[in-house]
Amino acid sequence: MPDMQTSRDTRKIPISKVGVKDISYPIVVMDKNRKFQQTVARVNMYVDLPHHFKGTHMSRFIEILNVYREDIGLDKMEPILQEMKKKLGASSAHLEIEFPYFIEKRAPVSGARSLMEYTCTFTGTLGETFDFVLGVQVPVTSLCPCSKELSRYGAHNQRSHITVRVRYAGFVWIEDLVDLIEGCGSSPVWSLLKRADEKFVTERAYENPKFVEDIVREATLVLAAHEAIAWFSVEAENFESIHKHSAYAAIERDKRKA
């Protein structure tokens, strides 16, 4: 049968990324406390395409996933990318994996146990060298310093998302990254809180007001102090409770250039 993908294209326009997106697939992630955690990810796979080829072979991406179906994890990122380059005749390959990761947390006063969900990402690129970025989105509570200062009682607060991406030398556990970042808001959040816990969390947030700018600056301090982290970006978004808009701030640092 004719292979239309390898037929010649005369427009002389190379494509940076072409492939398949939003594949639902089971993966295994290293768990600091339980060795491994099984979860279901959304996977994107891309390669570059030279200007003279009309298209890429989309089915080969799925074939590669099926080969690693029982073993898609952090340690297999580079081998999968190598296979993508080889099978698709590409000079660069990209693999993006987003998944829910669950950590057991104890409520601050009652000690009630519950599972907290965090959205994590593995982003791998292989050109001449392999590049890997670990991402974690951490929900926190933020309480507005301005509102606290102006109001006779109370202050508006809201849930916030702190999104951190890191490149590291050695290894960084997801759990450790979450621990670092949860302390950068006005208070962490929990899935399960009893009445004594709710009192503790609301009072802690009131005593620890943070602007969105404070959050990214606090996160920058703890990430810059971590010896294994070589590069990081941090974003904070406050889903404002008294405004229709969100408040946003971001910082990126390459410690290798310091």
Side-chain angles (χ1 to χ4, degrees), residues 1-29 39-100 119-137 161 163-172 223 229-235 237 248 250-258:
M1 298 179 68
D3 186 350
M4 294 301 297
Q5 281 82 1
T6 56
S7 61
R8 192 165 189 83
D9 192 282
T10 59
R11 286 166 288 190
K12 297 183 178 179
I13 302 174
I15 298 177
S16 302
K17 290 182 180 179
V18 59
V20 293
K21 189 172 183 177
D22 204 25
I23 307 164
S24 182
Y25 221 81
I27 66 169
V28 177
V29 184
T39 185
V40 177
R42 310 302 297 187
V43 180
N44 303 329
M45 306 173 74
Y46 315 114
V47 293
D48 69 312
L49 186 70
H51 71 85
H52 51 274
F53 286 135
K54 191 170 187 64
T56 194
H57 293 84
M58 301 291 182
S59 62
R60 294 182 186 176
F61 293 103
I62 310 302
E63 289 173 349
I64 293 167
L65 270 186
N66 285 335
V67 169
Y68 289 89
R69 62 187 301 168
E70 303 294 337
D71 203 17
I72 298 176
L74 176 58
D75 60 330
K76 293 299 186 291
M77 292 283 289
E78 188 170 2
I80 291 173
L81 288 164
Q82 289 171 341
E83 192 72 7
M84 288 166 61
K85 285 181 64 175
K86 179 181 177 182
K87 281 191 173 294
L88 291 149
S91 59
S92 65
H94 311 270
L95 180 59
E96 300 168 355
I97 301 176
E98 180 179 295
F99 57 93
T119 300
C120 300
T121 56
F122 292 164
T123 305
T125 299
L126 182 63
E128 293 183 1
T129 59
F130 174 62
D131 179 57
F132 174 75
V133 177
L134 168 64
V136 180
Q137 185 181 86
H161 283 169
T163 303
V164 176
R165 298 176 179 86
V166 300
R167 292 183 173 95
Y168 54 79
F171 189 77
V172 175
L223 293 169
I229 293 174
W231 170 95
F232 64 86
S233 70
V234 56
E235 303 175 31
E237 182 175 2
Y248 175 84
I251 294 175
E252 179 180 336
R253 288 281 174 87
D254 191 341
K255 292 164 62 178
R256 297 166 296 188
K257 297 179 179 179

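Sequential numbering from 1 along the given sequence is applied to the chain's residues.
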Residues 13-27 side chain polar contacts: donor-acceptor under 3.5 Å, at least two apart:
unit_1, atom_1, unit_2, atom_2, d
Asp22, OD1, Arg42, NE, 2.9
Asp22, OD1, Arg42, NH2, 3.1
Asp22, OD2, Arg42, NH2, 3.3
Ser24, OG, Arg42, NH1, 3.3
Tyr25, OH, Leu65, O, 3.4
Tyr25, OH, Asn66, OD1, 2.7

Gap separating the NE2 atom of His94 from the CG atom of Leu81, nearest 0.5 angstrom: 9.0 Å
In Å, rounded to the nearest 0.5 Å, how long is the span from OG of Ser92 to CD of Glu128? 10.5 Å
Check: Thr121 and Glu96 side chains under 4.5 Å, non-hydrogen atoms: no
So do the side chains of Lys87 and Ile64 get within less than 4.5 Å of each other, counting heavy atoms only? yes
Could you pull out the closest heavy-atom pair between Ala230 and Asp254, with the gap in Å? O-OD1, 3.6 Å
Student check: side-chain heavy atoms of Phe130 and Met77 closer than 4.5 Å: yes
I need the Arg60 CZ to Met45 CE distance, nearest 0.5 Å. 13.0 Å
If you measure from CD1 on Ile229 to NZ on Lys255, what distance do you get to the nearest 0.5 Å? 6.0 Å
How far does CH2 of Trp231 sit from CG of Leu223, to the nearest 0.5 angstrom? 10.5 Å
With Phe132, which residues qualify under ring pair (Phe, Tyr, Trp, His ring centres under 6.0 Å), at least two apart? Phe122
Find out whether Glu252 and Arg165 are in side-chain contact, i.e. whether some heavy atom of one side chain is under 4.5 Å from a heavy atom of the other. no
Above 12 or not: heavy atoms from other molecules or residues under 6.0 Å from NZ of Lys85? yes
Thr39 side-chain N/O to Pro100 backbone N/O, donor-acceptor pair under 3.5 Å: yes
Ignoring hydrogens, what is the shortest heavy-atom contact between Ile97 and Ala41? Give both atom names and the distance. CG2-CB, 3.5 Å
Hey, could you give me the CD/CG distance between Glu83 and Leu88, rounded to the nearest 0.5 Å? 9.5 Å
